[in-house]
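Every chain is numbered from 1, with letters handed out A, B, ... down the list of sequences. Only heavy atoms go into these numbers, but all of them, side chains included; no hydrogens, no water, no symmetry mates.
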Number of protein chains: 2
Amino acid sequence: MTQISKAEATRRKILETGHALVLKKGFVGVGLQEVLKASGVPKGSFYYYFPSKEAFGCALLQQYVDGYLALMDQLLAADLPDGRTRLMRYWGAWLAGTEDPARGWAEDCLVVKLAAEVADLSEDMRLVLSEGTEALIARIAQMIAEARADGSLPGGAPAPGLAQMLYQMWLGAALLTKLSRDRAPMRQAYEATQALLVCSGHSHIHPDPEED
Amino acid sequence: MTQISKAEATRRKILETGHALVLKKGFVGVGLQEVLKASGVPKGSFYYYFPSKEAFGCALLQQYVDGYLALMDQLLAADLPDGRTRLMRYWGAWLAGTEDPARGWAEDCLVVKLAAEVADLSEDMRLVLSEGTEALIARIAQMIAEARADGSLPGGAPAPGLAQMLYQMWLGAALLTKLSRDRAPMRQAYEATQALLVCSGHSHIHPDPEED
DNA sequence: GGTTAAAATAGACCGGTCGTCTAGTAGCAT
DNA sequence: ATGCTACTAGACGACCGGTCTATTTTAACC
């Protein structure tokens, strides 16, 4: 089976190198030539592995969200004291990545880097990212629900809305951190998250927009 | 003095057209040629008005933040029933722009569109945007403080931190809205904002990260 | 070992990139 | 009118963008 995986290995190598490059320079900011050279793959080979740059971008994003979601599931399956700990461990990872302690994983987030660029550029890429975040938010909501079920978190606003709102906040925090080169927004988000989860019983976040 | 303003008018025209184009296609995604053609300005003239594409980008962003901040000051100076109304009017503008009702102004925000791209691309552009958001957050904090002073909003978490947290949330909401083509995140942000402003007395967002 | 199909590559293609340069026009002051 | 500056004009260079066709290398099979 090494023959099959040989091609797959090359494909993966391109994707991997592409990820790193795109994270730094954006999608349109990176040329195929650059990716290929960095991957040690000859230029002519690109269209053997991908039908177009856009398809390459989709694969890149798909691989990323798959990996991310898998990590989430791993966290969901991990046995930890309670649901609240699990949830806060997730947010903590935004601040400081699981392996690399200093560099949080917010600076490595492709959603943060590419969402705005991709949204107007390619419908296919947009969809991959959009569905990815949707699935992610669903998992966060699940975490909240479980934490409430085991009593480690008080009830309050509906979990799905709260999850979305929290994710939004962290997304914005990551963007602002990227922009200001200061981690204060991330810390702010962490503290706000704690506060919101505990006292969300008071703040009614309900899904009807009826009010003046 | 029409001579001076003639050149200035052309410069402004380039900036204006550039704004629209960049908003759709990103900064690196737009070529000078395209901007110039759309502006009706010949290609050779560009380097008379701007020393480089980067400088053009800085001017573009500077013009944008100046305009935005001016709009904020206008809102701050407007006489409205109370501070809370003023503040919520600001957030309301994110949802539905002042003039164009359907299309909220979140889709037209250059910070949302360019922050991630510019942060790694150009230090100069990054700084313009970063200082812009900083000033913006300060004005939001001021609004919160004034609303508390006139009694239309209860006290609670320190205004600067709250302002930053709210802005982050809206930034993330705008990004998610751009990505999903669904305004639900924006509505979510609006409701969460109301809840947070009113019940922030309970949720202590204090700047010490001491707890298990 | 020779045939054949698939995997992988080389390199040309055309158009666009930013930026430079020189020649030229318009408008005003003296 | 002359000279001077502000501004326009577009060709030009070197390079890089994504894409494609033709070609070579590799492996499989009998």
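In this structure, the side chain of B:R84 does not engage the main chain of B:L197 through any donor-acceptor pair within 3.5 Å.
Figure legend: B:K53 and B:F27 shown as a cation-pi pair, the cationic atom lying under 6.0 angstrom from the six-membered ring centre and within 45 degrees of its axis.
A 4.5 Å side-chain heavy-atom check between A:T10 and A:Y48 finds every atom pair outside the cut-off.
Comparing D:dT19, C:dG19, D:dT8 by their nearest atom to the side chain of A:K53 picks out D:dT19. Of the listed nucleotides (D:dG18, C:dG19, D:dT8), D:dG18 has the atom at the smallest distance from the side chain of A:Y47.
Distances shorter than 4.0 Å separate none of the side-chain N or O atoms of A:S45 from OP1 or OP2 on C:dA8. OP1 or OP2 of D:dC7 sits under 4.0 Å from a side-chain N or O of B:Y48.
For the pair B:R11 CZ and D:dT8 P, the computed distance is 13 Å after rounding to whole Å. For A:F46 and D:dG18, the CZ to P distance is 8 Å, given to the nearest whole Å. The distance between atom CG of A:L121 and atom P of D:dG18, rounded to the nearest whole Å, is 11 Å. As a whole-Å value, the separation of A:Y49 OH from C:dT9 C1' is 9 Å.
B:E123 has a carboxylate O that lies under 4.0 Å from a charged side-chain N of B:R126, or vice versa, which qualifies the two as a salt bridge.
The line from CG of A:L21 to CD1 of A:I14 is 12.5 Å long, rounded to the nearest 0.5 Å. Taken from CD in B:Q62 to CG in B:D66, the straight-line distance is 4.5 Å, to the nearest 0.5 Å.
Near-neighbour residues of DNA chain D inside residues 18-43 of chain B, defined by a heavy atom below 4.0 Å, number-ordered: B:P42, B:K43.
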